[in-house]
Amino acid sequence: MTVAPRTLAGLVVPGDGRGRVLGFPTANLAIDGGDLPADGIYAAWARIDDDLRVWEASVSVGANPTFDGERERRLEVHLHDVTLDLYGRRLAVTLVSRVRPTVRFPDAAALVAQTAEDVARCRALLARADP
């Protein structure tokens, strides 16, 4: 579902480190203003610091219901095909399209399989969108 483009920005802060272990490293953002969109997975464009380069990204908004424990809602950004240390850097993320709602998976393997599909769908959506 296409969303009205919305840009969120914030500092990359430590998370649980789970995305890296699962093969999809994410940058957890401390959002300026703290106002998050609806929970779900989004295709997005991302910029690092003041760099003009635009990166393809998949974004997760929510509390990660697959894993036990109380968690605050958060925004996590997976930059496609990028291996960078982003801690302490600033990201600006422009949401392009909501791919699906947040759901609880029965286990980590099911989450990894769906995440791979989500990244592929985000790539296809971003291929048709202007940064």
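One-based numbering along the sequence shown.
- Not counting sequence neighbours, the partners of D49 by the salt bridge (Lys or Arg N to Asp or Glu O under 4.0 Å) test are R89.
- Proximity of D39 to P101: side-chain heavy atoms (C-beta onward) are nowhere separated by under 4.5 Å.
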Point to revise | Evaluation steps, side-chain contact (heavy atoms from CB on, under 4.5 Å), between D81 and R123 | key: CA-CA 11 Å; D81 307 315; R123 286 181 195 278; 2.9 Å; yes
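- Under the 4.5 Å side-chain contact rule for hydrophobic residues, Y87 and W55 share a cluster.
- Side-chain atoms of R90 and R47, non-hydrogen and from C-beta on, never get closer than 4.5 Å to each other.
- Under the 4.5 Å side-chain heavy-atom criterion for Ile, Leu, Val, Met, Phe, Trp and Tyr, V112 and V103 are members of the same hydrophobic cluster.
- Note that CG of L91 and CG of L8 are 11.0 Å apart. Values are rounded to the nearest 0.5 Å.
- Contact annotation: the side chain of V59 never approaches that of E76 to less than 4.5 Å [non-hydrogen atoms, C-beta and beyond].
- In D51, the CG atom is crowded: over 12 heavy atoms of neighbouring residues, nucleotides or ligands sit closer than 6.0 Å.
- Taken from CZ in R104 to CG in L111, the straight-line distance is 11.5 Å, to the nearest 0.5 Å.
- Screening V61, D118, V93, T94 for a side-chain contact (heavy atoms from CB on, under 4.5 Å) involving Y42 leaves a single residue, V61.
- Once rounded to the nearest 0.5 Å, the distance linking CG of L36 with CZ of R6 reads 7.5 Å.
- Rounding to the nearest 0.5 Å places CG of L29 at 8.5 Å from CG of L11.
- I48 is listed as a side-chain neighbour of L79, based on a closest heavy-atom distance under 4.5 Å.
- The structure places NE2 of H78 at 9.0 Å from OG1 of T26, a figure rounded to the nearest 0.5 Å.
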Exercise for review: Dump the intermediate steps for side-chain contact (heavy atoms from CB on, under 4.5 Å) on L75 and N28, then the final yes or no.
Suggested key: CA-CA 6 Å; L75 187 141; N28 291 267; over 6 Å; no
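- Here the closest heavy-atom approach between residue V99 and residue C122 is recorded as CG2-SG, 3.7 Å.
- Smallest separation of non-hydrogen atoms from W45 and D130: NE1-O, 3.2 Å.
- Without hydrogens or angle criteria, R73 side chain to P37 main chain gives a donor-acceptor distance under 3.5 Å.
- Under the 4.5 Å side-chain heavy-atom criterion for Ile, Leu, Val, Met, Phe, Trp and Tyr, L86 and V82 are members of the same hydrophobic cluster.
- We find the CG-OG distance between L126 and S58 to be 7.5 Å, quoted to the nearest 0.5 Å.
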